[in-house]
Each structure stands twice: as structure tokens, then as C-alpha cells.
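Okay, so here's the structure we're looking at.
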Amino acid sequence: MLSWYRNRIEEHGLSAATQLLVRVVWTRSFVLLSNRFLAATVECPCCNWTGRRFFDYIEVGYSVPNAACPNCDSHSRQRALSLWLRNEFRLGEKKGVALVLAPERSLDPLWNGATHLRVIRIDIEPARGVDLLGDVMRLPLAERSVDLIWCHHVLEQVPDDQLAMREMYRLLSSSGVLVISAGMDATEETREFGFSDK
């Protein structure tokens, strides 16, 4: 929490960061007490934690109530993806090599449970517990060597998303599957694009 506080001081100044810290500590204390003494009403599908409520996500200028799992820090999008990967996509039944770009800790139990997949986690940051360091625009793997690529909220953060797409296509086996989700704009609308024309 100390490094988080230092970052907020750099971004917003001492006064705003301190006010934010007080709000976060107060609401988290309330949630921890609620989870300890009141009956469980929520469950996290990522880590199977149960409790009364999730932590609020609080930043300068906005907050999202009941947002972050106290155990794995998953948010609603990770929890929804976890359910989709398990129930609809049937990740546990997939076979071959899976490349997970910028892995999220909250989805680790799901990837670890996919026993028929050899999961390779890759990121530009070593702190995420990855197997390979690499950039999505220059992936250090052989052509057609991957059966599944998971690219969640990565493309909107790279300088050349078209180069990244070509690179992922280069790695996919002939029957490979590419799963992409990307933030597009500030609206809350989700747009579905159907099937690829590969």
C-alpha cells in the first residue's frame, strides 16, 4: 500500500493522496469487518473466495462500489471472463500450447487448472511471474507453434496494434484460436464483432 500511496502523491499531490488513503483504509476496514461477522452474499469465481462484499475500488475523482475481490483482487471483468473461460469456452478441455499475454493474477487458478494445456505466460515486465519476457509486437516463439492465444487488454496499450496482430497470427497453428478483448473508448458499450474472416 505504501508504493500505491507514493504513486498517488506523485500523480495528485500530498493532500489528495492522503484523503484518498483515508477513504481506502476506512472502507476496507468496514468491508473486512462485514466479511468477518456477516453472512456471505458474494463469491469470486476466480479464487472461490466467499464473503459479505468485495472491496470498493476508490481513486481520485471516482469510485466503484463492491468491485475488487479481497483475496485475488479480481474485478467484475476478470470474474466474468473466468466464468466464460470455464463454462462457455471450456478451457479445461483445451489441448496444446497456450500463450497468455500480460497474465492477470486473478485468472491464474484457471490457467493452472487447464491440465491439457502447456501454458506460456509472457509480458514485458518480469514482476508478473511470467515464463518469457517479450513484446507482443516481437514475440520470441516459432511460427505456427501456439494453439491458443489469450490477449486481454493488451492491444490498446501497444504502439502498433496491427503489427501485434500480425505477430499473433504468425504464431497460431492452422487450427489455433485467438481470443482478444480490447478497450476501445470511454463509453461503457460493448460491441461484438462476430467471427473472424481468417
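- A donor-acceptor pair is defined here as one N or O able to donate and one able to accept, closer than 3.5 Å; no such pair exists between the side chain of Asn48 and the backbone of Glu43.
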- Task: Please test Val136 against Glu167 for side-chain contact (heavy atoms from CB on, under 4.5 Å), starting from the C-alpha separation and ending with a verdict.
- Result: CA-CA 7 Å; Val136 67; Glu167 188 65 0; 5.9 Å; no

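- One N or O on the side chain of Arg79 and one on the backbone of Ser74 form a donor-acceptor pair closer than 3.5 Å.
- Taking all atoms of both residues into account, the shortest heavy-atom contact from His12 to Val60 is CD2-CG2, 3.6 Å.
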- Worked verdict on Ser63 versus Arg23 for side-chain contact (heavy atoms from CB on, under 4.5 Å): CA-CA 10 Å; Ser63 63; Arg23 281 181 61 207; 3.8 Å; yes

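- When the shell of 6.0 Å around CZ of Arg118 is examined, it contains 12 or fewer heavy atoms from other residues, nucleotides or ligands.
- Between Glu156 and Asp161 the shortest side-chain heavy-atom distance does not fall below 4.5 Å.
- The shortest heavy-atom contact between Ser106 and Pro109 is O-CD, 3.6 Å.
- Leu83 and Leu91 are members of different hydrophobic clusters when ILVMFWY side chains are connected at heavy-atom separations under 4.5 Å.
- For the pair Leu155 and Ala164, the tightest heavy-atom approach, listed with the atom from each and the gap, is CD2-CB, 3.7 Å.
- Distance CE/Met165 to CG/Leu178: 5.5 Å, rounded to 0.5 Å.
- Nearest heavy-atom pair across Phe54 and Cys44 is CE2-CB, 4.2 Å.
- A continuous path of ILVMFWY side-chain contacts below 4.5 Å connects Trp84 to Leu148, so both sit in one hydrophobic cluster.
- Both Ile9 and Trp4 are members of a single hydrophobic cluster when ILVMFWY side chains are connected at heavy-atom separations under 4.5 Å.
- The existence of a salt bridge linking Arg121 and Asp108 is confirmed by a sub-4.0 Å separation between a basic side-chain nitrogen and an acidic carboxylate oxygen.
- The nearest pair of heavy atoms linking Ser82 to Cys46 is CB-SG, 3.7 Å.
- Going from atom SG of Cys72 over to atom CD of Gln78 covers 8.0 Å, rounded to the nearest 0.5 Å.
- Val154 is connected to Leu132 through a chain of hydrophobic side-chain contacts under 4.5 Å among Ile, Leu, Val, Met, Phe, Trp and Tyr, so both are in one cluster.
- Note that CD of Glu104 and CG of Asp123 are 10.5 Å apart. Values are rounded to the nearest 0.5 Å.
- From Tyr169, atom OH reaches atom CD of Glu143 across 10.0 Å, with rounding to the nearest 0.5 Å.
- Tyr57 and His75 have perpendicular rings, their planes meeting at more than 60° on a 0 to 90° scale where under 30° would count as parallel.
- In this structure, Leu81 CG and Ser76 OG are separated by 9.5 Å, a value rounded to the nearest 0.5 Å.
- The environment of Met137 atom CE is dense: over 12 non-hydrogen atoms of other residues, nucleotides or ligands sit within 6.0 angstrom.
- Here the side chain of Arg52 pairs no donor or acceptor atom with the backbone of Leu33 at under 3.5 angstrom.
- Shown are Val119, Leu117, Asp131; of these, the side-chain contact (heavy atoms from CB on, under 4.5 Å) with Val100 is made only by Val119.
- Annotation: side chain of Arg8 is not in contact with side chain of Leu21 (no heavy-atom distance under 4.5 Å).
- By the criterion of side-chain heavy atoms lying less than 4.5 angstrom apart, applied directly or through intervening Ile, Leu, Val, Met, Phe, Trp or Tyr residues, Leu133 is not grouped with Ile122; the two fall into different hydrophobic clusters.
- Ala67 approaches Val64 most closely through the heavy-atom pair CB-O, 3.5 Å.
- Heavy atoms from other residues, nucleotides or ligands lying under 6.0 Å from CH2 of Trp26 number 12 at most.
- Side-chain atoms of Asp147 do not come within 3.5 Å of backbone N or O of Gly176 as any donor-acceptor pair.
- With hydrogens and angles ignored, the 3.5 Å screen pairs a side-chain donor or acceptor of Arg170 with a backbone N or O of Leu139.
- Side-chain contact between Val146 and Ile120 is absent, with no heavy-atom pair separated by less than 4.5 Å.
- Checked against Ile149 for a side-chain contact (heavy atoms from CB on, under 4.5 Å), the options Ile180, Val179, Val177, Leu101 give a single hit: Leu101.
- To the nearest 0.5 Å, atoms CG (Leu32) and CZ (Phe37) are separated by 11.0 Å.
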